[in-house]
Visitor: 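Quick one: this structure, given as structure tokens, is what I'll be asking you about.
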Amino acid sequence: MKRKSMMKRMAAFLTAAMVLSLTACGGQEAADGAQSAGASEQGSAVSAEETEYQGDQDLEYVELKLYAIADAPNNTDLAAQYWEELNKQLKEDLNCTIDYTYAAGNDYKNNYALAIASGESYDLIQAAPGWLDYQTYAAKNAFLPLDDLLPEYAPYLWETIPEETWKAASVNGNIYAVPNLETGVTATAFVYREDLRKKYDLPEIDSMEDIETYLQAIVDNEPGLLPVDDYQCQVYGTSWIYNTPYIGIDEIHDELFNFVYDPRNGEVLSVIETPEYKEYMYKMKDWADRGFWSSSVLASTNWGVMQVLNGAAAASFNEQLPAYNWHKTQVEEEHGSEGWELGFYMYFEGNPDSVLSGSTIANMTAVTANAENPERALMFLDYAQQHGELWDFLTYGMEGINYELAEDGSIDTTNIEEGASFNYFPSSIIGNDDFKKRQSNYCDDYDEIMQKIDEKVVPDIFEGFALDQSGFETEYTALYNVQTEYGYPLQAGLVNDVDAAWEEYLAAAKAAGLDMVREEVEKQVNAWLESRE
């Protein structure tokens, strides 16, 4: 069916949906008892009257193609059962089904780039600033502009999501992705074996110095255990920014930046020229020399946290809270008989000047430029965010198989069969603070963790900022290559002389155009901040 024809045929249904959607009530406190950071700014709203598709035959059947970063499920039989049930429901509700392409998370950056470059017509594709380079892909027209489609095919979301959030999701004046209804915040943390800390009577971990003491004890006393996992040595990448007063501007990968903003004086600085960077490199060199991590770390693509959970490593610098707080409970369930315990330390706790930002566009859904069914894709997102039972199915899976509903309304996975953990659908694209339920496997100190995060988090002043590289794309690419060649070994402590390696890195960066690019970035940052006043 041609798009214009389809738009006309669906008008009656969607007009009714809009009328019902506009009756939405205000946001309510998150169901897990700990309000997500910044949720009041996101706005929200569970619809008071849920819209229903009444079998209008003008909605001809379509199959939506979905792409998102997630490892394929281990239990393929359960996954097949889930998708059969979900697609049966979607066929009844919206006369569509979904075909989901799983993308392995261990090399997500490359997998994502290949998916877009393939020209495959994905109607729904995960999108996010930073780690998935949303603004860059949008600026290169990889995604479809949605401005004209949203009011008609996603009227509930169009009215519910605040205007500021839509602006933040815009690139060059167009909206290319749909935010979810949950404010995202990630506090990267150090995760470690608390039982080993107690075993060797080490101080509680409240600083980087305490981390150093802990890792040295592992080297001295646990020869068969990796002190730190081997995931590309994310020690610098995940901890440095939180041990400074800076705000990252251009996230390259995880928490790596070329440039940062100093909120104390409004300066834009190149990372490698900050005094904190070079001081950290001395620490990285010292820790590498002590054997805290393998000399082959830069070749690894594993998610290192798993090495802590399975007993191969004593610690990882790449834990993410609050999202993975349940790892502590998992270890107690799987290795409690062996006395294992996990502990968390959020880096910002040791630095009162660090900045932790909350984002309303942290998780979004885009439509590729050549998608065949963008209208129905938007309808699906709009529909899912209004229907609690469907949302639960998309987020938690099959009740009685993937989870049980406890008497207090929490999601209980303690009695599910082995291999029944739910990861069949990328629920982050439909996050919703009002529908979200507390999970029974949350760690005991979850509320304490959330309180610390809530007290620290502030709105992201760069939310929606898209660095326009068109005037210096060659130089910016060269800076990336320089960081790969000179920066990564330095940041992993795999150099003979920190001062010499740093000088060589800085010289190569300046030769690649560092000073010119920094000036251009500063102009864009200043213009952005002025536009927000």
Side-chain angles (χ1 to χ4, degrees), residues 105-106 186-240 242-243 254-255 280 282-350 441 443-445 449 491-494:
N106 63 337
T186 298
T188 312
F190 179 71
V191 59
Y192 59 95
R193 287 276 298 278
E194 170 70 2
D195 57 297
L196 295 178
R197 184 195 69 79
K198 293 177 179 177
K199 178 180 179 180
Y200 298 112
D201 194 25
L202 303 172
E204 292 189 10
I205 295 181
D206 292 316
S207 67
M208 296 299 286
E209 290 71 27
D210 294 333
I211 288 176
E212 182 176 303
T213 300
Y214 171 83
L215 294 177
Q216 186 61 55
I218 300 302
V219 170
D220 294 340
N221 299 287
E222 298 285 340
L225 195 61
L226 284 171
V228 177
D229 69 85
D230 65 356
Y231 174 54
Q232 297 178 359
C233 197
Q234 289 297 303
V235 178
Y236 159 74
T238 55
S239 63
W240 179 80
Y242 297 111
N243 282 279
D254 292 333
E255 295 292 334
Y280 224 70
Y282 292 129
K283 185 187 296 290
M284 297 300 95
K285 166 68 172 168
D286 178 43
W287 286 9
D289 287 348
R290 294 197 201 187
F292 288 1
W293 51 79
S294 165
S295 61
S296 62
V297 289
L298 296 180
S300 174
T301 58
N302 295 320
W303 184 35
V305 175
M306 293 303 298
Q307 292 181 296
V308 180
L309 302 184
N310 65 24
S316 173
F317 282 79
N318 199 35
E319 183 63 288
Q320 298 175 21
L321 297 175
Y324 293 104
N325 79 86
W326 50 268
H327 281 159
K328 183 182 289 190
T329 306
Q330 177 184 343
V331 163
E332 291 173 358
E333 292 175 350
E334 296 179 356
H335 301 284
S337 61
E338 304 166 61
W340 289 22
E341 296 178 66
L342 284 190
F344 298 130
Y345 168 68
M346 295 179 285
Y347 303 115
F348 71 76
E349 295 182 77
N441 64 349
C443 62
D444 292 339
D445 51 353
I449 290 171
Q491 290 152 194
L494 304 178

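As a basis for the values below, the full set of heavy atoms in this structure was taken, side chains included, without hydrogen atoms, waters or symmetry mates.
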Visitor: Is the number of heavy atoms from other residues, nucleotides or ligands under 6.0 Å of E204 CD greater than 12?
Guide: no
Visitor: With E334, which residues qualify under salt bridge (Lys or Arg N to Asp or Glu O under 4.0 Å), at least two apart?
Guide: none
Visitor: What verdict does the side chain to side chain contact (heavy atoms under 4.5 Å, CB included) test give for V191 and H327, after you've listed the backbone C-alpha separation in whole Å, the side-chain angles of each residue and the deciding distance to 0.1 Å?
Guide: CA-CA 9 Å; V191 59; H327 281 159; 5.9 Å; no
Visitor: Is it true that a side-chain atom of Y214 and a backbone atom of P203 form a donor plus acceptor pair closer than 3.5 Å?
Guide: no
Visitor: Quick one: which residue pairs count as a salt bridge (Lys or Arg N to Asp or Glu O under 4.0 Å) with a foot in residues 285-304, not counting sequence neighbours?
Guide: E212-R290, K285-D289, D286-R290
Visitor: Applying the side chain to side chain contact (heavy atoms under 4.5 Å, CB included) test to F190, which of V228, I205, T238 qualifies?
Guide: I205
Visitor: Closer than 4.0 angstrom, basic N to acidic O: yes or no for D444 and K328?
Guide: no
Visitor: Salt bridge (Lys or Arg N to Asp or Glu O under 4.0 Å) with D206: which residues, sequence neighbours excluded?
Guide: none
Visitor: Is there a donor-acceptor contact under 3.5 Å from the side chain of W293 to the main chain of A492?
Guide: yes
Visitor: Checking side chain to side chain contact (heavy atoms under 4.5 Å, CB included) for the pair F317/V305: CA distance, chi angles, key distance, verdict?
Guide: CA-CA 8 Å; F317 282 79; V305 175; over 6 Å; no
Visitor: Can you list everything that forms a ring-ring contact (aromatic ring centres under 6.0 Å, His included) with Y347? Sequence neighbours excluded, please.
Guide: none
Visitor: Not counting sequence neighbours, which residues clear side chain to side chain donor-acceptor pair (under 3.5 Å) with E194? List them please.
Guide: Y192, R197
Visitor: Kindly give the heavy-atom pair with the smallest separation between A288 and G493, and that separation in Å.
Guide: CB-O, 3.5 Å
Visitor: With E341, which residues qualify under salt bridge (Lys or Arg N to Asp or Glu O under 4.0 Å), at least two apart?
Guide: K198
Visitor: Can you sort out the partners of N441 under side chain to side chain donor-acceptor pair (under 3.5 Å), two or more places apart, ordered by chain and number?
Guide: none
Visitor: Minimum heavy-atom separation for L202 and L196, please, with both atom names.
Guide: CD1-O, 4.5 Å
Visitor: If you measure from CG on N325 to CD on Q320, what distance do you get to the nearest 0.5 Å?
Guide: 12.5 Å
Visitor: According to side chain to side chain contact (heavy atoms under 4.5 Å, CB included), who are the partners of A313, at least two apart in sequence or on a separate chain?
Guide: L226, D229, Q307, V308
Visitor: Given R193 and E222, is the salt bridge (charged side-chain N to carboxylate O under 4.0 Å, His left out) satisfied, shown in steps?
Guide: CA-CA 12 Å; R193 287 276 298 278; E222 298 285 340; over 6 Å; no
Visitor: Suppose we screen for side chain to side chain donor-acceptor pair (under 3.5 Å). Which residues come up paired with S207, at least two apart in sequence or across chains?
Guide: E209, D210
Visitor: Is the shortest heavy-atom distance from the side chain of Y324 to the side chain of E319 under 4.5 Å?
Guide: yes
Visitor: Regarding Y200 and Q216, do their side chains bring together a donor and an acceptor under 3.5 Å, going by distance alone?
Guide: no
Visitor: Can you give me the closest heavy-atom contact between P227 and L215, atom names plus distance?
Guide: O-CD2, 3.6 Å
Visitor: Check step by step if side chain to side chain contact (heavy atoms under 4.5 Å, CB included) holds for L321 and T186.
Guide: CA-CA 6 Å; L321 297 175; T186 298; over 6 Å; no
Visitor: Say you draw a straight line from OH of Y242 to CE of M346; how long is it, rounded to the nearest 0.5 Å?
Guide: 11.0 Å
Visitor: List the residues meeting ring-ring contact (aromatic ring centres under 6.0 Å, His included) with H335, not counting sequence neighbours, and say none if there are none.
Guide: W340
Visitor: Checking W326 now: which residues fulfil side chain to side chain donor-acceptor pair (under 3.5 Å) with it, not counting sequence neighbours?
Guide: none
Visitor: With side chain to side chain contact (heavy atoms under 4.5 Å, CB included) as the criterion, how do L342 and C443 come out once you've worked through the C-alpha distance, each side chain's angles and the decisive distance to 0.1 Å?
Guide: CA-CA 10 Å; L342 284 190; C443 62; over 6 Å; no
Visitor: Got a sec, which residues hit ring-ring contact (aromatic ring centres under 6.0 Å, His included) with Y345, two or more places apart in sequence or on another chain?
Guide: none
Visitor: Identify the two heavy atoms, one from S295 and one from L494, that lie closest to each other, and give their separation to 0.1 Å.
Guide: O-CD1, 3.6 Å
